[in-house]
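See below for the structure under consideration.
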Amino acid sequence: MLYQLLRFPLVILFFVFYKRIYITGKAALPSQAPTIIASNHSTAFIEQILVAGLQKRSVFFWARGSVFEEKWSFPKLFRQVHLIPIWRPQEGLKKMQQNQQIFKDSKEILLKGNLFFIAPEGNSVPEKRLRPFKTGTARLALLAAAEHDFEREVFISPTGVNYTYHCDFRSEVMLHFGTPIPLKNYQTLYHKSPSLAAQQLTKDLKAAIAQEVIIIDSKEDEALAEQLLILMRNEKQHYHDSFYNTHPHRLRLEQSVATTCNQLSKSQKIELSQQANHYFVQLKQLQLTDQAVQQKGQFSWSNFLRSVLLAPLALLGWIGGFLPVTSARYLRNQNVEDPQFWAAMAMIFSLLTWLVYSLFIAFLGAFFFDWKAILIPPLLVVLQYISFLHQEYLSEFLNNRTYRQLLQQQPQQIQSLQTERKALAVATEYLILSNLSTSSQDQKNL
């Protein structure tokens, strides 16, 4: 009951929390067959909430048992929203013994035609790379398939959830469902050795998920990769993308940039890093954004009009949402120390504070006026969203104005900056195309 009640407000919350959401490959997800959605895991539980919010079928989740014991946790609430604790060796042998029953219960849930979300990495780290996979996902899938001797269709859907910035409000998220893996393919191997079948399926699953994830192999390359990602997002003008998009072009661009960084030689990385660092340091010193430079400070009537016309509504939204927004931020700061939980718990606390605030406003309004006051809370949510949009429109307008002012005051420096940006963008695109060409040739040779 609680699960169904929370789905709609969570979807609304996602579209407020994220500036853009890209969802692709959803048609590939089996519509009725028991399916495990297996995803990378770079936030505490945003992946689970996002996937569940998009599905008509109920989704159940494995969550590491320690989450149920955190000081901020709500164990009874977690179970109501389909979270099932799975215990790890570091949490003690006694608790690990509970996993046998959890596997049996999970198998029954899956075979009832439900979806199951599992993150095979087992733990979450806010980074753009995959960590070693546990075999639990494969073992559960094989257990479910073996229940009917692989005659009933059971699938694993390799899924990638990618963020521009894992912990940041109003960042962007890209969700892609890959080609489902049918468990029937592992019937022969399972009959020979269930353990070997689980190991092979886990290996295949990791390779499939890797196709849907942005991977920066080395932590040392993150700074360069992030700079080039900013550059290429603006170069391809993805700032014009709609807030909800079903085209995979954005994900594939970011993957190509990350893959190119991974495959550069050491000397190429040093040269490109020096070039990118020099450009971005200048941006910071001049208090400019790369988007403003890419747009050459173009005056936008649409941004100007939106900044002016939405200002009164934005102010009302800021005032109306001040209490729940501030309360959610305070609760997160006071109760959550681990950065990997920041974004997830910000969402949960936002949902809770808005629900309490909405009930209070609705009852207060109904007491003094009439029951039409129940329209006030959704109106405040809309106004709060307008406030966030207005802030972004105004920021873009002011950044472009700063560029135009600097162009008047320091024309040579701005022209030099434009030249640097163009050279960096050309070099990056050349390296991406070279890498794609090499990869295509390697595939032909195979």
Side-chain angles (χ1 to χ4, degrees), residues 1-4 29-30 32-39 41 45 47-48 51-52 55 57-69 73-123 132-159 180-206:
M1 180 66 176
L2 182 61
Y3 174 87
Q4 296 299 335
L29 198 64
Q32 296 181 332
T35 302
I36 295 175
I37 298 174
S39 166
H41 196 27
F45 43 82
E47 293 89 14
Q48 295 93 315
V51 167
Q55 307 304 323
R57 284 198 282 170
S58 290
V59 184
F60 289 77
F61 318 92
W62 274 353
R64 71 175 193 248
S66 61
V67 171
F68 285 70
E69 298 177 332
S73 94
F74 308 95
K76 291 183 179 179
L77 177 65
F78 287 168
R79 289 185 173 87
Q80 286 290 316
V81 294
H82 297 177
L83 282 180
I84 300 170
I86 193 82
W87 301 98
R88 301 173 300 170
Q90 57 264 46
E91 288 151 353
L93 179 61
K94 186 175 181 180
K95 289 181 177 177
M96 277 282 291
Q97 291 173 345
Q98 299 177 36
N99 285 346
Q100 187 173 0
Q101 185 60 45
I102 288 169
F103 265 82
K104 290 180 181 178
D105 295 342
S106 300
K107 178 195 70 175
E108 295 304 319
I109 290 170
L110 187 60
L111 289 175
K112 286 178 181 178
N114 294 301
L115 293 170
F116 222 104
F117 178 99
I118 303 177
E121 292 168 293
N123 64 336
F133 276 28
K134 310 291 192 298
T135 58
T137 307
R139 286 161 47 213
L140 175 60
L142 290 165
L143 191 66
E147 182 76 5
H148 298 283
D149 197 28
F150 292 83
E151 291 303 314
R152 183 178 179 183
E153 286 188 322
V154 177
F155 295 94
I156 297 180
S157 172
T159 303
I181 300 172
L183 268 293
K184 195 170 181 65
N185 293 353
Y186 299 86
Q187 180 178 6
T188 302
L189 184 56
Y190 182 82
H191 286 152
K192 289 181 180 178
S193 170
S195 176
L196 287 177
Q199 291 175 24
Q200 184 60 50
L201 177 53
T202 300
K203 181 180 178 181
D204 295 344
L205 178 58
K206 185 173 184 179

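Because only heavy atoms are used, hydrogens play no part in the values below, and waters and symmetry mates are left out as well, while side chains stay in.
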Set of residues satisfying side-chain contact (heavy atoms from CB on, under 4.5 Å) with respect to [X], sequence neighbours excluded:
X	result
Ser195	Ser193, Gln199
Glu153	Ala33, Phe155
Lys203	Gln200
Asn185	Pro182

When rounded to the nearest 0.5 angstrom, what is the spacing between [atom1] in [X] and [atom2] in [Y]?
X	Y	atom1	atom2	answer
Ile86	Ile102	CD1	CD1	5.0 Å
Thr159	Ile37	OG1	CD1	5.5 Å
Leu110	Leu143	CG	CG	9.5 Å
Leu142	Gln187	CG	CD	11.0 Å

Are any of the side-chain heavy atoms of [X] and [Y] separated by less than 4.5 Å?
X	Y	answer
Pro132	Glu121	no
Val51	Phe61	no
Pro180	Ile156	no
Ile118	Leu140	yes
Ile109	Phe116	yes
Lys134	Thr202	no
Leu183	Leu201	yes

Minimum heavy-atom distance [X]-[Y], with the two atoms named:
X	Y	value
Arg57	Pro30	NH2-O, 2.8 Å
Phe133	Pro120	CD2-CB, 3.4 Å
Leu111	Ala144	CD2-O, 3.7 Å

- Query: Are any side-chain N or O atoms of His82 and backbone N or O atoms of Val59, one a donor and one an acceptor, separated by less than 3.5 Å?
  - Reply: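 It does hold such a pair.
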- Message: Checking His148 now: which residues fulfil side chain to side chain donor-acceptor pair (under 3.5 Å) with it, not counting sequence neighbours?
- Response: none
- Task: Name all residues meeting the side chain to side chain donor-acceptor pair (under 3.5 Å) criterion together with Ser106; count only those two or more places apart in sequence or in a different chain, and write none if there are none.
- Result: Trp62
- Message: Are there over 12 heavy-atom neighbours, none belonging to Gln101, within less than 6.0 Å of that residue's CD?
- Response: yes
- Task: Applying side-chain contact (heavy atoms from CB on, under 4.5 Å), run through Arg152 and Lys184 and close with a yes or a no.
- Result: CA-CA 9 Å; Arg152 183 178 179 183; Lys184 195 170 181 65; over 6 Å; no
- Message: Could you work out, with ring pair (Phe, Tyr, Trp, His ring centres under 6.0 Å) as the rule, every residue matching Tyr190, not counting sequence neighbours?
- Response: Phe150
- Task: Sequence neighbours left out, what pairs pass salt bridge (Lys or Arg N to Asp or Glu O under 4.0 Å) with at least one residue falling in residues 103-112?
- Result: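 Every salt bridge (Lys or Arg N to Asp or Glu O under 4.0 Å) pair that includes a residue of residues 103-112, provided the two are not neighbours, is Lys107-Glu147.
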- Only one of Thr137, Leu205, Ile181 passes side chain to side chain contact (heavy atoms under 4.5 Å, CB included) with Ile36, and that residue is Thr137
